[in-house]
Each structure stands twice: as structure tokens, then as C-alpha cells.
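All residue numbers refer to positions in the sequence shown, counting from 1. All figures in this text were calculated on a predicted structure; none of them were measured in a lab.
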Amino acid sequence: MRKLYYEDSHLTEFTARVTGCETCEKGCLVTLDATAFYPEGGGQACDVGTLGGVRVLDVRERDGDVVHLCEAPLTPGATVEGRVDRNRRFDLMQQHTGEHIVSGLLHEAFGYHNTGFHVGAEGMEVDFDGPIDPASLARIEEKANRAVWANLPLKCWYPAEEELPSIPYRTKRPLPWPVRIVEIPGIDRCACCGVHVKATGEVGLIKILSCVSLRGGVRLEMVCGARAYRYLAAVFDQNRQVSQAFSAKMLETGEAAKRMNETLAVQKLLCASLRRQVFSDIARRYEGRKDVLHFQPDLEPGGIRELAEAISGVCGGRAAVFSGGGYCLAAREGDLRELGRAMTAALRGRGGGKPRFQQGSVAAGADEIREFFAGLDSWED
């Protein structure tokens, strides 16, 4: 079988003869005497498209042959036209070649090996076996894009058996001949079975999005080509909205955000002080009143607890504070767990906590809550 994708990585239309067709659970397994459909391998996803107008759903290599999973059968001996999804193929080549550029530069700078490579629907993850600090990673990214702008021609070939030992190339382990080599002049020479662009300029752009520690090394998330453009266009649009919201220039939104956070921190402290004063005033109304039921609108769980603790500190008994569907039971002494279980069972709620503190939510309204507490001794609303 001729593997046309190795002869011309940009070839997406071809004709071939059907050499076999087997029915399987997911469709039909078709083999050809030649194909431009790249089979999944080396971290690169397979091509999709059509053969004789029939959709190709998956492509795998089996015993040196390329097998196409098709939606419907094709007649052995027939000549069919193949059409590879051009946009998908070019996207995958941009990602894979971009990965080679970054991996080659990291190997040259630190001696690290690429230990994992996966191209997803939107991004790409590449693992390396050593740490990388942010400053070094920024330099690698700049060098990678300079390699793109240099439009370096790629060379992909199978060295002769006697030639291979004399060719240094990046690999995690020794490989038996035959070995396919992909070379980017001055950047990388690596064993690889994938398909690539013809020159680095076709990669367009390389952007590293994140770097996280992983098993003593790092995992990079990155995008190349059209994916990088789409990502940065989305980031630009988000920054434009931030710029408008902060009335700041596009390149000054970071400083504007810092100033806003500082202002919010001051306001948060002020609001907390004012809320403590309001809660203290509310609590004073219940001084010496023993067990107290109180409703307060628009409190988040932290506020409900704070108010319940303020009331229980002066009322001389237990406090039950409700806001929306949330509640908090608080007391300076005693055990609230039995009351909490009875209340959540009666009011269709859930929650828990410690003996002197119970918090959660109920599905009951104010009237039903009042009715429940009216059935208990000593509670005041």
C-alpha cells in the first residue's frame, strides 16, 4: 500500500482501488492500494473525510496496512475517489509541527525529553521530564515563534539501515530500523511517524497557555496556528470588555484590575464593620429573651451564622436565624443536634455541624417555620 500522506502531506484528494471490505460492528473496514488518510498514531489523531462518497469515521494501521472505518461498504476492485478533510488535516499538522519546535528547543536547552503528547479538540498537551521556570519558558516560546517566522523547510525521510546509526536524533529509547526522521533545520531532529507542514511558516503562531508540575516534570498546554489565533482573538475580546468596564487602556487593564481589587478590599472591610454593627443592634433587641427565632432577608451562609452567633451571645438561650432557604442554629451552651435533626425532618431540610452550631437549608416557608417553632417550648419570634 502506498502511504500518500508521507509523499505529500498536503494531498487531500486522490483515487485508489479498493482491495478489501469487511463488515464490523461499527461499519465497514476498507483497505486500499493507496491512501492519503493518515491513521491515528504518535499522538496525532487520524484523518476523516469520504471514500467514494461514503464517510470515513476512523483510520487505523493494522499489520502495516491502513484500515478505513467507513459508514457503508465499498466494492473490492472498484476505483474510488478519496477526500480528506483538508481543514482538520492542516490543523493537526500545525499542532504537531509546533510541538516538535517547542520540544526540540527544550531538549537543546535542558536535555528534557517529551514524555507525552496529545492533541485534543481545542488544545494540545505536551509532557516533559524536568521543571521549567516561567522566564525560561517565555524565552522558549519566543525562540519557537522566531523559528516559525524563519519559514524553515522540514525534511522527513527514512535513512538507510547502515546510515541510521550515524544520524543523531531525539528519541526517548533506541529504535529498530526502519526509523522515520523529521528534521527542522537548527531546531529539531526527531523520530516521528506523523504528518507535518512543509515549512515552519505554515505553523503560523505558537502560544503556550499553561505550565503545571507533573510527576517531577511539567505539562504544557499550548495551541498553534488557527487555534492560537482563535484563542488570542477571544482573549483580546475579553480584554476589550475589561478595558471598557475599567475605563482603562487595553495594555493597562492589569493595573486597573489591581486598583479595583484594592478598592474592593477596603470596601469589604468597611461593609464587614457596618454589618457587625447592624447585627449587634439586632441582637440587642433580644437581650435576655432566651430562645429566639429571627428572619433576616438577603444573607449568605456566613452572614446567617454571624447573626445567629450575635443573637445567641446576648439572648441567654438558643438562636435560630433564617434567610431565604438557609438557616443557622447557635447557642453558647447545650447541644443543638437533636433540635437540628427534628427541624430538618419537619421542614424538609438538610444540614449539620457541631453541638453548639448547626447550619444548612430547608424547603419550608416562613409560616411553616414559625409553626414548627411555635410547637416548642420557650421560643420567641
Side-chain angles (χ1 to χ4, degrees), residues 1-100 116-126 154-158 175-182 190-198 202-203 223-227:
M1 161 181 275
R2 286 179 62 193
K3 297 178 178 179
L4 303 175
Y5 46 83
Y6 283 158
E7 298 177 18
D8 181 358
S9 63
H10 286 65
L11 179 67
T12 54
E13 295 184 8
F14 67 100
T15 57
R17 183 172 57 85
V18 179
T19 58
C21 182
E22 303 173 14
T23 302
C24 69
E25 184 178 342
K26 297 181 179 180
C28 296
L29 300 176
V30 174
T31 55
L32 308 169
D33 65 350
T35 185
F37 282 88
Y38 176 75
E40 180 177 340
Q44 183 169 337
C46 69
D47 289 325
V48 296
T50 61
L51 278 174
V54 174
R55 284 180 62 203
V56 177
L57 307 174
D58 193 16
V59 186
R60 301 295 174 100
E61 190 162 6
R62 185 178 66 183
D63 299 327
D65 208 356
V66 177
V67 180
H68 311 73
L69 176 63
C70 298
E71 272 191 333
L74 296 175
T75 304
T79 297
V80 294
E81 184 179 78
R83 294 180 180 273
V84 175
D85 184 327
R86 184 186 303 272
N87 292 334
R88 175 184 169 90
R89 160 70 72 81
F90 189 63
D91 168 58
L92 294 175
M93 291 196 301
Q94 285 184 315
Q95 309 314 307
H96 202 162
T97 304
E99 175 269 315
H100 272 234
F117 168 54
H118 172 70
V119 180
E122 292 297 327
M124 170 171 54
E125 293 177 341
V126 193
L154 271 73
K155 179 183 178 182
C156 306
W157 83 104
Y158 282 95
L175 298 173
W177 184 84
V179 176
R180 184 170 181 265
I181 304 294
V182 175
C190 179
C192 179
C193 63
V195 287
H196 292 269
V197 298
K198 293 183 177 180
E202 294 181 71
V203 175
V223 284
C224 303
R227 295 190 187 196

- Query: Do you know which two heavy atoms are closest between Val59 and Tyr38, and how far apart they sit?
  - Reply: CB-O, 3.9 Å
- One should read off an interatomic distance between Tyr6 OH and Leu11 CG, to the nearest 0.5 angstrom, of 14.5 Å
May I have the list of side-chain donor-acceptor pairs in residues 20-34 shorter than 3.5 Å, sequence neighbours left out?
unit_1, atom_1, unit_2, atom_2, d
Thr31, OG1, Thr19, OG1, 2.8
Thr31, OG1, Gly20, N, 3.1
Asp33, OD1, Arg17, N, 2.9

- With a 4.5 Å heavy-atom cut-off, do Val197 and Phe90 have their side chains touching? yes
- Query: Only one of Arg89, Glu202, Arg86 forms a side-chain hydrogen bond (donor to acceptor under 3.5 Å, both in side chains) with His10, so which one is it?
  - Reply: Glu202
- Message: Quick one, Asp8 with Phe14, criterion side chain to side chain contact (heavy atoms under 4.5 Å, CB included). Give me CA distance, side-chain angles, the key distance, then yes/no.
- Response: CA-CA 11 Å; Asp8 181 358; Phe14 67 100; over 6 Å; no
- Message: If you compare all heavy atoms of Val182 against all heavy atoms of Cys192, which two are closest, and at what distance to 0.1 Å?
- Response: CG2-CB, 3.8 Å
- Does the Arg60 side chain pair with the main chain of Pro39, one donor and one acceptor, at a distance under 3.5 Å? no
- Note on the structure: SG (Cys70) and CG (Asp58) are apart, to the nearest 0.5 Å, by 10.5 Å
- Item | Glu122 atom CD: more than 12 heavy-atom contacts under 6.0 Å | no
- Task: Applying side chain to side chain contact (heavy atoms under 4.5 Å, CB included), run through Glu71 and Leu57 and close with a yes or a no.
- Result: CA-CA 7 Å; Glu71 272 191 333; Leu57 307 174; 3.8 Å; yes
- Query: Could you state the interatomic distance from NZ (Lys3) to CZ (Arg180), rounded to the nearest 0.5 Å?
  - Reply: 10.0 Å
- Task: Measure the spacing between CD of Glu99 and SG of Cys224 and express it to the nearest 0.5 Å.
- Result: 9.0 Å
- Message: Show the nearest heavy-atom pair for residues Val54 and Ala72, with the distance to one decimal.
- Response: CG1-N, 3.3 Å
- Task: Any chance you could measure Glu13, atom CD, to Leu4, atom CG, to the nearest 0.5 Å?
- Result: 13.0 Å
- Closest heavy-atom contact between Met1 and Thr35? SD-CG2, 3.9 Å
- Message: Taking Ala226's backbone N and O only, do any of them form a donor-acceptor pair with Gln94's side chain (distance below 3.5 Å, no angle check)?
- Response: yes
- Message: Minimum heavy-atom separation for Asp47 and Ala36, please, with both atom names.
- Response: OD2-O, 3.5 Å
- Note on the structure: Residues at least two apart in sequence or cross-chain that pass ring-ring contact (aromatic ring centres under 6.0 Å, His included) with His100, listed by chain then number, are His96, His196
- Query: What is the minimum heavy-atom distance between Thr75 and Val18, and which atoms define it?
  - Reply: O-CB, 3.4 Å
- Item | From CD (Glu7) to SG (Cys156), nearest 0.5 Å | 13.0 Å
- Message: Test your reading of the model: is there a side-chain donor-acceptor pair from Asp63 to the backbone of Asp65, 3.5 Å cut-off?
- Response: no
- Message: Check whether Arg227 reaches the backbone of Gly123 with its side chain - one donor and one acceptor, N or O, closer than 3.5 Å.
- Response: yes
